[in-house]
*Asks:* 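Have a look at this one.
No hydrogens, no waters, no symmetry mates; every other heavy atom, side chains included, goes into these values.
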Amino acid sequence: MPSRPRARGPLAALVALFTAGYLAPYLLPTVVGRLAAGLGLAPSRAGLMGSVLLLGSAAAGFTLAARVERIGPRRAARAGLLAMLLGYGSAAATGSLPQVVAGLVLGGLGSGTATAVAASGIAGRPDPQRASTLGLLSVSALAGALYLTLPRLGGGHAPPLLSLAAAAVLVWPVTGRLPGAGRPDGDAPRAASSGPLPHLRAGAVLAGCVLCWSLAQNALWGVSGRIGTGQAGLSEVTVGAVFALALGAGLTGVTTAGALGPRLGRAVPIGAGTVLIAGCVLLSSTAGGLASFATGEILWNALYPVVLSCLLGLAASLDPRGRWAVLVGSASSLGTACGPVTGSVLSETAGYPGMGAALGGLLLLVAAPLTAVALRPPAGRASRGAVRAGAGTAPSAAPGLPGPVPAPRARLRAGAGPGPEASARVPFRRAHPFRPGGTHARDETAARQKVYASTSER
């Protein structure tokens, strides 16, 4: 059985699903701002509604972490896109606050489902970080175009929510390229999907730090529009143009990181990038004009997708079946969901500069453990590679032997003669007086001696 499962669906379909699922967090500032303006809500209540949307996304991700393959990627993706269409469409069509909240929850569940399917499929590809980079390029380009377009489509909360619903409609046709449900009679896939999570400590540290990392990012991102219009004194059109330029800078950053490939590794982009992002957060939160606001936002958005793609690639490397990728992505969505409320509360109590200082300090705290996880490659993959290399080992020749017996030719090449020294290299445990099943220890000893004698004679 291959050590890595086959890729779950063509790359284009996975990138399209990734784009649809991640579009809601990228449009969070304009969604929160339009909800506040269109429904007459206070900033904290509008931020809470944005958090409700993203909490639905995180809940879907945690629920589907180990179930995408069982349900079937095609079926799960279509269910998520349908929930996006119905949820965001119904929220855009009404001005009733309870109905808007219900629509946001349903749409968030759909976005999280699409993201879970995409993350699970990307983790099964030969180069998951490259696939994640393509997804981030796609969603950054689409969000940048929408930030230039939405201010010209009128006010109210409907335009950004209709954009999310339209994305689900556009992505629907490519779901036909995704595989259906797995075979119910396949014992190996079922056992693999229900087995324990590998690299539990590293994955738990990564998920917890990514939650805090995303919370800090989106606490600022959720109030960036209000910083631009309120503290920096810019118009909505100007703020939208700055956001579009920032997302364009993100495209440049991700393209550069993709061109460099694995030569930088993951530890340097994750550690150094997080520290630099902390400085950008502080700069944006203290902006008093166009120059400082644009500089902070553009530099920040140029670094953010680079670090995020490395984090997603690192999560995918912990489990080729995609469970850690989905769980870490859901932790990111949970942090993103808590971001708008955190940003609103901090900005109202400590002001925007105080909020920026707190968020920058949190990013500096998580930079060290994230770098530590990135510096330690998964041991399971290295050991599988060593087994595939396979030089000088052969399976045990009889039940009860304590481990693999060195192959005869490998021992002779290593200079071990066929004498007692060679046999002494094989560990020998004292036999129990009686083996399970009633076989006496003398039978086991005789069987071992036959194996060693035949191996030495060869």
*Asks:* Which distance, rounded to the nearest 0.5 Å, do you find between the CG of L86 and the CG of L81?
*Replies:* 11.0 Å
*Asks:* Tell me, do V307 and L311 make a side-chain contact under 4.5 Å, heavy atoms counted?
*Replies:* yes
*Asks:* In chain order, what residues pass the side chain to side chain contact (heavy atoms under 4.5 Å, CB included) check against L53, with sequence neighbours excluded?
*Replies:* A24, Y88, L104
*Asks:* Is a side-chain donor or acceptor of T175 paired with a backbone partner of W172 at a separation under 3.5 angstrom?
*Replies:*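 Yes, T175 side chain to W172 backbone: donor-acceptor pair under 3.5 Å.
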*Asks:* Between T115, L134, L136, which is the residue that forms a side chain to side chain contact (heavy atoms under 4.5 Å, CB included) with F18?
*Replies:* L136
*Asks:* Between atom OG of S51 and atom CG of L28, what is the distance when rounded to the nearest 0.5 Å?
*Replies:* 7.5 Å
*Asks:* Show your working on side chain to side chain contact (heavy atoms under 4.5 Å, CB included) between W213 and L308 and close with a plain yes or no.
*Replies:* CA-CA 10 Å; W213 188 87; L308 181 59; 4.1 Å; yes
*Asks:* Are the side chain of S90 and the backbone of G87 linked by a donor-acceptor contact shorter than 3.5 Å?
*Replies:*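 Yes; at least one donor-acceptor contact below 3.5 Å.
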*Asks:* For L17 and L178, what are the C-alpha separation, side-chain angles and deciding distance, and is it a side chain to side chain contact (heavy atoms under 4.5 Å, CB included)?
*Replies:* CA-CA 11 Å; L17 273 177; L178 297 172; 3.6 Å; yes
*Asks:* Can you check whether S292's main-chain N or O pairs, donor with acceptor, with T295's side chain at less than 3.5 Å?
*Replies:*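 Here the side-chain-to-backbone pair does not exist.
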*Asks:* What's the shortest heavy-atom distance between S332 and V210, and which atoms?
*Replies:* CB-CG1, 3.7 Å
*Asks:* Atom OH of Y352 and atom CG of L346: how far apart are they, to the nearest 0.5 Å?
*Replies:*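 So the OH of Y352 and the CG of L346 are separated by 11.5 Å.
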*Asks:* Please name the pair of heavy atoms, one in M84 and one in L164, separated by the smallest distance, quoted to 0.1 Å.
*Replies:* CE-O, 3.6 Å
*Asks:* Test your reading of the model: is there a side-chain donor-acceptor pair from Q217 to the backbone of G339, 3.5 Å cut-off?
*Replies:*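 Not a single qualifying donor-acceptor pair exists.
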*Asks:* Could you list all the side-chain hydrogen bond (donor to acceptor under 3.5 Å, both in side chains) pairs where at least one residue sits in residues 151-167, not counting sequence neighbours?
*Replies:* none
*Asks:* R78: which residues meet the salt bridge (Lys or Arg N to Asp or Glu O under 4.0 Å) condition with it, sequence neighbours left out?
*Replies:*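 Checked R78 against salt bridge (Lys or Arg N to Asp or Glu O under 4.0 Å); zero matches.
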*Asks:* Of all heavy-atom pairs between A350 and M355, which one has the smallest distance, and what is that distance?
*Replies:*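 Shortest heavy-atom contact: CB-N, 4.4 Å.
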*Asks:* What is the minimum heavy-atom distance between A131 and L11, and which atoms define it?
*Replies:* CB-CD1, 3.7 Å
*Asks:* Just do the side chain to side chain contact (heavy atoms under 4.5 Å, CB included) check on L314 and V328 with the steps written out, would you?
*Replies:* CA-CA 10 Å; L314 179 60; V328 170; over 6 Å; no
*Asks:* Go through the steps for R45 and L97 under the test side chain to side chain contact (heavy atoms under 4.5 Å, CB included), then give the verdict.
*Replies:* CA-CA 11 Å; R45 293 190 67 187; L97 187 59; 3.3 Å; yes
*Asks:* Where the side chain of T94 meets the backbone of A91, is there a donor-acceptor pair that is under 3.5 Å apart?
*Replies:* no
*Asks:* Once you round to the nearest 0.5 Å, how far does CD1 of I298 lie from CG of N301?
*Replies:*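 One finds 8.5 Å between CD1 of I298 and CG of N301.
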*Asks:* Quick check: do S111 and L23 have side-chain heavy atoms less than 4.5 Å from each other?
*Replies:*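 Sidechains of L23 and S111: no contact.
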*Asks:* Looking only at heavy atoms, which two atoms of G176 and R74 are closest? And how far apart?
*Replies:* O-NE, 4.1 Å
*Asks:* Is there a side-chain contact between V100 and L35, using heavy atoms and a 4.5 Å cut-off?
*Replies:*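 Side chain of V100 against side chain of L35, heavy atoms only: contact under 4.5 Å found.
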*Asks:* So do W221 and W300 actually touch side chain to side chain, heavy atoms under 4.5 Å?
*Replies:*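 In contact.
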*Asks:* For a quick test of reading the model, state the closest non-hydrogen atom pair linking L303 to L276 and the distance between them.
*Replies:*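 It is CD1-CB, 3.6 Å.
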*Asks:* Going from OG on S224 to CG on L220, what distance comes out if it is rounded to the nearest 0.5 angstrom?
*Replies:*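 The CG atom of L220 is 4.0 Å from OG of S224, to the nearest 0.5 Å.
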